[in-house]
Protein chains: 4
Amino acid sequence: MHFASDNAGPVAPEIFRALEAANEGHAVAYGADAATQALEKKMQALFEAPDARMFLVASGTATNVLALATLTRPWETIYCHAQSHISVSECNAPEFYTAGAKLTLVEGPSGKIDPAALDAALAATSTDQLPDTRKGPVSLTQVTDLGAVYSIDEIRAVTSVAAARGCACHMDGARFANALVALGCSPADMTWRAGIDALSFGGTKNGLMGAEAVLFFDPSKAYDFEHRRRRGAHLLSKQRFLAAQYEAYLSGDLWLELAAKANRAGALLAEAVRSIGGAQLLHPADANMLFVEWPAEVDTRLRKAGAVFYGQGAAENGRCRARLVTNWATRDADIQRFREVACG
Amino acid sequence: MHFASDNAGPVAPEIFRALEAANEGHAVAYGADAATQALEKKMQALFEAPDARMFLVASGTATNVLALATLTRPWETIYCHAQSHISVSECNAPEFYTAGAKLTLVEGPSGKIDPAALDAALAATSTDQLPDTRKGPVSLTQVTDLGAVYSIDEIRAVTSVAAARGCACHMDGARFANALVALGCSPADMTWRAGIDALSFGGTKNGLMGAEAVLFFDPSKAYDFEHRRRRGAHLLSKQRFLAAQYEAYLSGDLWLELAAKANRAGALLAEAVRSIGGAQLLHPADANMLFVEWPAEVDTRLRKAGAVFYGQGAAENGRCRARLVTNWATRDADIQRFREVACG
Amino acid sequence: MHFASDNAGPVAPEIFRALEAANEGHAVAYGADAATQALEKKMQALFEAPDARMFLVASGTATNVLALATLTRPWETIYCHAQSHISVSECNAPEFYTAGAKLTLVEGPSGKIDPAALDAALAATSTDQLPDTRKGPVSLTQVTDLGAVYSIDEIRAVTSVAAARGCACHMDGARFANALVALGCSPADMTWRAGIDALSFGGTKNGLMGAEAVLFFDPSKAYDFEHRRRRGAHLLSKQRFLAAQYEAYLSGDLWLELAAKANRAGALLAEAVRSIGGAQLLHPADANMLFVEWPAEVDTRLRKAGAVFYGQGAAENGRCRARLVTNWATRDADIQRFREVACG
Amino acid sequence: MHFASDNAGPVAPEIFRALEAANEGHAVAYGADAATQALEKKMQALFEAPDARMFLVASGTATNVLALATLTRPWETIYCHAQSHISVSECNAPEFYTAGAKLTLVEGPSGKIDPAALDAALAATSTDQLPDTRKGPVSLTQVTDLGAVYSIDEIRAVTSVAAARGCACHMDGARFANALVALGCSPADMTWRAGIDALSFGGTKNGLMGAEAVLFFDPSKAYDFEHRRRRGAHLLSKQRFLAAQYEAYLSGDLWLELAAKANRAGALLAEAVRSIGGAQLLHPADANMLFVEWPAEVDTRLRKAGAVFYGQGAAENGRCRARLVTNWATRDADIQRFREVACG
């Protein structure tokens, strides 16, 4: 019963086989290898974006902050949700990589940026002649940090507000595959066709060992990004092992199958939660991440039985909150046991 | 005939087996896993330093710049060799991670810092009352960036100059195992007993897939380092796969065996170079990296025959320079063929 | 009728005389001059803080960001009011000088930090084992950016919340003299005795030509501050002309007299506003800065008559908002004329 | 006998009168004042550069680092003389303001960049496909930090090497007027006509109270510069007092007269040095700054007699080195006395 994070899940066996295959012979270091170059072409085809540029790094935070730093001047502010990973969980990495840009926090339900609130925040940013903090990019998270999935129209509502003010848009897609499966749309539909300029296309949470991609649909950003990656110490010498993971991930729809399993487990777990007396889902459980509030005794019972998950602070009246995340390897039996223990 | 870099070499099979073994079940993310904690204990034993703190990241540059940033204030200068990786090959990452500290370049033969030149550079740094650039740490590279290995006495000569001026010492040990095998000494002898405070303990160039360690012999540096790693986006979620690589690497002397193979291939290759008419080793080939100058036609012949290596600029009189690196998987047959082609 | 800013007011004649007197002969540059050293002693006496360290710079933003950077690690967050100058008007200078620390915005009436909201924000900052954004200093502004003055008890309510969480406190005293006159207390009472660790002690808004001071009540911060000032390019060569301004400012209670004149003008202006039909003071006008909402036609009438002041955006229903600031040289006749024009 | 620095000299009386005149009435803060705007026009005329943009700050280091940061990406390196102020005396401010760019030190006689050495340094900077430290601007200092003055041809020799490699050129003109008077040429001849793109046009060392200008001959740099100035906390509220200083400085050739006096004093002092037995000028004394080596007893005699100047470290054989600087107010009588004391 391990629901702490999809990061805690195992690597898909196909990925191991790909890594071993990539180990044959020698390969030039630092991303000039054939595997990385072939993968970029594969991504361009997948996203129907023949000019897109792709970059690989080992950490999801690196994808976010390198992409954002490429889009942001140091005197600008990045607009993001108050609960977004870049604001809450990256230890000031966005401020560091942008050389001191600011984050402006925008509210909205279940981790989704409210377009009207965004518009108000953009409008409030100085347009004086006097130099002052200026508008930078908007960053939205899909699946949101509270487990909800933006519909295409909801993404467009955000990006069109941004575009009307001249701002670029970044998507933190740490759980990109989970969102895509939830919506049943194409990668292009959920990104550039919906107004996204740069994408953090995560893999580690969905069965990779440690590989994350950035896509710029505008290739003119590539030169800057490459230098930012290098000085950020994120250009790995043995890039071919990052490329191999994505190559396998994107082959034969493996990535979508893994995400579908995680989402199915998420739906089962949500159903289980609904069956617990006094339990409540705090946000739509659209993919593989649930936020719940339940009686403290349920929490205690689960932990005693060995369930692993993060608490989210105490609620009032003897209740408490928790986050539950499933992954491609979550077993039905574990969800069943969770239900039994929780229901007492 | 692939002599471009030890980075281009394959991953040792033992590492793959360890990665697969680490994939069983779930593990808490971000380094709180049991494997990382057990590895730290193993490193403490190996280095005879029970208080040492260990950190894992995916890139060698990250080990250098995170360790140096932890030891350096933004108004200080880091003393390093003019040919050091941190000066020549890290795209200003040290300046970035230290928030703007400076590098002071010191000369010395074959990539080794000359102690007298270091002392002069330290003496020349301001000690005025007026605030000005101040002395920061000294960073030396073992194996040097020109392929030589410092003796223990040579390391001590550098660190004692630094200590006399109150400066900490960092060792860039991207090829730590190769140096250790060359000297035949213990890890403690080559580090803290010789005056080293922080170590970049490389693994990727010696058969790992992508894992690098930092050791601080002074555990009081750990808090800062952890925050610098996180905001640098270098704390990986699936740390257990970094830990698994090092665990296997350090088990049963695998790391020393791999390095011994690379060094032996380096020695064979050096012998081959000496047999080429008009060829010359520019620096002592103490480990697995050779710098050569030879007639341009030798260079051409080798490249035509498929040899891969980095040029180092044109020398005069129809001669040119190159760098050749062996690794644990370099085959004798390739060296033999290299010799035959080169000798014409 | 110039109410745009106290920055727009003239320099007091005593300051000019002091500058000319300081011009006799030569003086050592960069703050090692006798005048700067004598001034520090004078400040120590004035603040009843014999160990305090004083630093002079030319800009108020520099005092804030250098003081805050000295108190803040790059992975920390600074707590400040959502309307504070450091958040709204310094073009990301705090983020720049701290190498990427974050600001956490706290609400409260009329620019005053609400202690309970501060406590909630401090409590919400991570205390996980995992490295994450950590608690940094609290910065409060006295006079607030909305014209109100904290009572001593109100300052203590904020600083005691901070102290209970282990956080240092900074006061942005750009209008320090105006607040002091409003409260009628001593400099020590309004600062270190009320829990303030570092003070931006402004002068330019109150009749100086361009001089601002920082005081650290804890002298152990001096070394860092001096280096941050120098690398920030804020150590002026001809410091003696900054020192001369403060020397004259603090002599014979000139500074308090200037502030008393500005506050008196502020009170008169507030009275005038209250007499305008449909006009409303949005915040307590405790010192020399007023925020008003009034009918658009009042606004238009005043501007046509030559009044200068900053608008604060349109309000609803044909009303609009403005900021009015008086200074030591504001003439009663101008206030009288303002009243006449405004009342129509 | 005060030869420590031209910074230690007095402010010219004309400057005081201008400051008092500027104090009439109110003026809008932060550089939107009429005086600043009129001054920019005056500078454009003076430099025969109608599109040039001008910015005022209070410190010379600020002019250098803000100008350079505007011209430099964080992954670039700035080429400058090994003895330049930006390398030796600014406490890592260039690295700070550029967010971590590097300085590459170039040698040359008497503080002048040797064009061939510059070309070699530029050629050695990576042009690999791999992202790495890239070429940034060249910065030269006129008067050099060792007291020499580049001829126009010498400036052109440097800037043409830079231009051939695609690099912009910055001139640190902390002693711009002294150089101009020494060469007897026009401001345009010594700057943009000679290939200079951005100029630090100093005033404080030549009789101002504290005002320094930056000129960009390419106005497209203005937007960035303005934001860098603001976030660097270098946009002063009472800009009109900076503008007033320059307005008076440039009126009726005051600036050239002040510099001519300083240079004349420098020439007299050089003559005096030449008359001292065993004394030697180490560099051409082209303007108002001398570097001397003389017997230690001369040094001692002068200091005992009250002469003030900076030592430059001990030379061998009972000799020592010193720097002597004159300014517009240096009295002939002091130079005469210097000669008498020194000659013993």
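Computed over heavy atoms, backbone and side chain alike; hydrogens, waters and symmetry mates excluded. Chain naming here is simple, since letters A, B, ... match the order of the sequence lines and numbering starts at 1 in each. This structure is a prediction, so every number in the text was calculated from the model and none was measured.
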Side chain to side chain contact (heavy atoms under 4.5 Å, CB included) with A/Val161: of A/Leu118, A/Val138, A/Ile113, only one passes, and it is A/Leu118
Subject >> Test item: side-chain donor near acceptor, D/Tyr249 and D/Asn206, under 3.5 Å >> reply: yes
Quiz prompt | Side chain A/Glu107, main chain A/Ala117, donor-acceptor under 3.5 Å | solution = no
Parallel under 30°, tilted from 30 to 60°, perpendicular over 60°: which one fits the rings of A/Phe176 and A/Trp255? parallel
Only one of D/Thr61, D/Leu103, D/Thr72 passes side chain to side chain contact (heavy atoms under 4.5 Å, CB included) with D/Pro94, and that residue is D/Leu103
(Q) Does the plane of the ring in A/Phe201 sit parallel, tilted or perpendicular to the ring in A/Phe47? Use 30° and 60° as the thresholds. (A) perpendicular
Residues of residues 73-84 of chain A with a heavy atom under 4.5 Å from any heavy atom of chain D, in residue-number order, are A/Arg73, A/Pro74, A/Trp75
